[in-house]
Amino acid sequence: DQQVKQNSPSLSVQEGRISILNCDYTNSMFDYFLWYKKYPAEGPTFLISISSIKDKNEDGRFTVFLNKSAKHLSLHIVPSQPGDSAVYFCAATSPGGYQKVTFGTGTKLQVIP
Amino acid sequence: EAGVAQSPRYKIIEKRQSVAFWCNPISGHATLYWYQQILGQGPKLLIQFQNNGVVDDSQLPKDRFSAERLKGVDSTLKIQPAKLEDSAVYLCASSLGDRQESRAFFGQGTRLTVV
């Protein structure tokens, strides 16, 4: 049962344009969401997060939007740069107890110079 | 600040053999995770430690996988005997604690190939 879904396995964007990566979740208990970025042969690194009490969080070129009613979140990268080419994982946690992070399947972003 | 260290980086074994992976988390991080990432999939949590106690091992195939965290610091993950479907990258991660804002820091992973 895939509780966090990234339906686009890959995405190609021209340098300077906007990249939009999407993520859907099914578990209504999730209330904290994270995006991780992964380069080949490296472990994932934290990128940006958002709490369910917000609908938007921005950090430089990266913005995450959360639509709780639709159980959907998206990561916007503006402007996209070739160095952004990586696999992006959406992840989610539920409240209470110890933080258990559930990951999506990932979207491979290629930014074309 | 030193990151999460894992060894070895790569391992090739034959099926039915045993293998062990080692992880040294970031100093002071109470929570340690082992994830399995099969090619084309997202990381799947195998086991989560809080200090030296297990808080979640619901997805750990306990008939062949075992893990321990010595004195609440380093951890080892063992597979015995290995199967072909165990071929994956094994990621260790650590975080400060149990708050949701305690983001996880990952090591580079160990790529296991079972032939």
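Each chain gets a letter, A, B and so on, in the order its sequence line appears, and its residues count up from 1.
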Asks: Hey, quick one: are B:Tyr33 and B:Ile47 part of the same hydrophobic cluster, counting side-chain heavy atoms closer than 4.5 Å, chains of contacts allowed?
Replies: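 Shared cluster, no.
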Asks: Identify the two heavy atoms, one from A:Gly104 and one from B:Pro43, that lie closest to each other, and give their separation to 0.1 Å.
Replies: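 A:Gly104 and B:Pro43 have their closest heavy atoms at O-CD, 4.4 Å.
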Asks: Side chain, backbone, both or neither: which part of B:Arg9 has a non-hydrogen atom closer than 4.5 Å to chain A?
Replies: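 Contact with chain A: side chain only.
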Asks: Tell me whether A:Ile20 is reachable from A:Val78 by hopping between hydrophobic residues (I, L, V, M, F, W, Y) whose side-chain heavy atoms are closer than 4.5 Å.
Replies: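 Linked within one cluster.
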Asks: More than 12 heavy atoms of other residues, nucleotides or ligands under 6.0 Å from CD1 of A:Ile112: is that the case?
Replies: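 Count over threshold, so yes.
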Asks: What about B:Leu60 and B:Val55, same hydrophobic cluster or not, with Ile/Leu/Val/Met/Phe/Trp/Tyr joined at side-chain heavy-atom distances under 4.5 Å?
Replies: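 The answer is no; the residues belong to distinct hydrophobic clusters.
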Asks: More than 12 foreign heavy atoms under 6.0 Å from NZ of B:Lys71: is that the case here?
Replies: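 Check fails, neighbour count at 12 or below.
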Asks: Can you tell me how far OH of A:Tyr36 sits from CZ of B:Phe105, rounded to the nearest 0.5 angstrom?
Replies: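 If I round to the nearest 0.5 Å, the distance is 8.0 Å.
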Asks: So for atom CG, which belongs to B:Leu39, do other residues, nucleotides or ligands contribute more than 12 heavy atoms lying within a distance under 6.0 Å?
Replies: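 Incorrect, the count does not exceed 12.
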Asks: Tell me, for B:Ser58 versus chain A, whether the close heavy atoms (under 4.5 Å) come from the side chain, the backbone, both or neither.
Replies: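 For B:Ser58, the side chain is the part near chain A, not the backbone.
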Asks: Check whether any side-chain heavy atom of B:Phe106 sits under 4.5 Å from a side-chain heavy atom of A:Phe46, and report yes or no.
Replies: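 They are not in contact (no side-chain heavy atoms under 4.5 Å apart), so the answer is no.
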Asks: Mind checking the CG-CD spacing from B:Leu91 to A:Glu42? Nearest 0.5 Å is all I need.
Replies: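 With rounding to 0.5 Å, CG (B:Leu91) is 11.5 Å from CD (A:Glu42).
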Asks: Decide yes or no for B:Leu45 and A:Phe103: does some side-chain heavy atom of the first lie under 4.5 Å from some side-chain heavy atom of the second?
Replies: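 Not in contact.
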Asks: Need one label for B:Gln37: side chain, backbone, both or neither, based on atoms under 4.5 Å from any heavy atom in chain A.
Replies: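 Just the side chain, heavy atoms under 4.5 Å.
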Asks: Which atoms of A:Lys108 are under 4.5 Å from chain B, going by heavy atoms: the side chain, the backbone, both sets, or neither?
Replies: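 No part of it gets close to chain B.
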Asks: About how many Å separate CZ of B:Arg103 and CD1 of A:Ile48, when rounded to the nearest 0.5 Å?
Replies: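 The CZ atom of B:Arg103 is 10.0 Å from CD1 of A:Ile48, to the nearest 0.5 Å.
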Asks: Same cluster for A:Ile77 and A:Leu11 if Ile/Leu/Val/Met/Phe/Trp/Tyr side chains link at under 4.5 Å?
Replies: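 Yes; tracing contacts between hydrophobic side chains, which count when under 4.5 Å, links both residues.
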